[in-house]
Amino acid sequence: QVQLVESGGGLVQPGGSLRLSCAASGISFSIYAMGWYRQAPGQQRELVATITSGGSTNYPDSVKGRFTISRDNAKKTVYLQMISLKPEDTAVYYCNAAFGRIGPYWGQGTQVTVSS
């Protein structure tokens, strides 16, 4: 019964901001590395951000400086703060959890649409 449930997606204008949340259950959250991925129509799923159990983060150049991943272990929730959104950020955003060779587990996704 591992569950990852994303929320916070929606429609936003270019230059706007959104914060996505992913609530986890069924895992020992604090020891898991967490990540956000996204997939646009007709495209491969791509990495957006990762955060280790120790709090180290990584971002691809496409979002570096605009997106911030964080985690609240007490709430078993990982967040993705997105600012300066661009139309090319439009995608379904997925939450991911992994611990060594356990997982990865995936959420159902939340739609982010950046359009005027």
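Since this is a predicted model, take the numbers as computed values, not measurements. FYI, the numbering just counts along the sequence from 1. Only heavy atoms go into these numbers, but all of them, side chains included; no hydrogens, no water, no symmetry mates.
Each of Y79 and F67 belongs to its own hydrophobic cluster when Ile, Leu, Val, Met, Phe, Trp and Tyr are linked at side-chain heavy-atom distances under 4.5 angstrom. Under a hydrophobic-cluster definition in which Ile, Leu, Val, Met, Phe, Trp and Tyr are linked whenever side-chain heavy atoms come within less than 4.5 Å, directly or via other members, I102 and I31 are assigned to the same cluster. One hydrophobic cluster, built from ILVMFWY side chains closer than 4.5 Å, holds both V112 and L80. Note: the hydrophobic cluster containing F29 also contains V2 (ILVMFWY, side chain heavy atoms under 4.5 Å, direct or indirect links). A chain of hydrophobic side-chain contacts below 4.5 Å, direct or via other Ile, Leu, Val, Met, Phe, Trp or Tyr residues, connects I27 to F99.
The side-chain heavy atoms of T110 and S7, taken from C-beta on, include no pair separated by under 4.5 Å. Here the side chains of V78 and C95 are in contact, with some heavy-atom distance below 4.5 Å. Side-chain contact between W36 and I69: present, with at least one pair of heavy atoms (C-beta onward) separated by less than 4.5 Å. A 4.5 Å side-chain heavy-atom check between P87 and P14 finds at least one atom pair inside the cut-off. Looking at S21 and E6, their side chains never come closer than 4.5 Å, going by heavy atoms from C-beta outward.
A salt bridge links D61 to K64: at least one charged side-chain nitrogen sits closer than 4.0 Å to a carboxylate oxygen.
Residues passing the salt bridge (Lys or Arg N to Asp or Glu O under 4.0 Å) test with R71: none are found, sequence neighbours excluded.
Closest heavy-atom contact between T77 and A23: OG1-CA, 4.0 Å. Annotation for L4 and Q108: closest pair O-OE1, 3.3 Å, computed over non-hydrogen atoms. When all heavy atoms of M34 and A97 are compared, the pair lying nearest together is SD-CB, 3.5 Å. The minimum heavy-atom distance between G8 and L18, with the atom names listed, is O-CD2, 3.8 Å.
Q44 and Q39 share no side-chain donor-acceptor pair at under 3.5 Å. For Y37 and R45, the side-chain atoms include no donor-acceptor pair closer than 3.5 Å.
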Between T68 and R19, does a side chain to side chain contact (heavy atoms under 4.5 Å, CB included) hold up when you go through it step by step?
CA-CA 9 Å; T68 303; R19 189 178 77 158; over 6 Å; no
Side chain to side chain contact (heavy atoms under 4.5 Å, CB included) between S17 and V12, worked out
CA-CA 7 Å; S17 301; V12 64; over 6 Å; no
Is there a side chain to side chain contact (heavy atoms under 4.5 Å, CB included) between R66 and D89 once you walk through the steps?
CA-CA 11 Å; R66 299 188 299 119; D89 295 318; 2.8 Å; yes
Hey, mind stepping through M82 and Y93 against side chain to side chain contact (heavy atoms under 4.5 Å, CB included) and telling me if it holds?
CA-CA 12 Å; M82 305 183 292; Y93 283 70; 3.9 Å; yes
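Atoms OG and CD, from S116 and Q13 in turn, are 7.0 Å apart once rounded to the nearest 0.5 Å. Considering CZ of R38 and CD of E88, their distance stands at 8.0 Å, rounded to 0.5 Å. Taken from OG in S115 to CG in L11, the straight-line distance is 6.5 Å, to the nearest 0.5 Å.
The closest donor-acceptor contact from the side chain of T52 to the backbone of A33 lies at 3.5 Å or more, if one exists at all. Using modelled atom types, one side-chain atom of D72 and one backbone atom of K75 make a donor-acceptor pair closer than 3.5 Å. Panel note: side chain Y59, backbone T50; no donor-acceptor pair is recorded below 3.5 Å.
Ring-plane geometry between Y105 and Y32 is classed as tilted, the angle between the planes lying from 30 to 60 degrees on a 0 to 90 degree scale.
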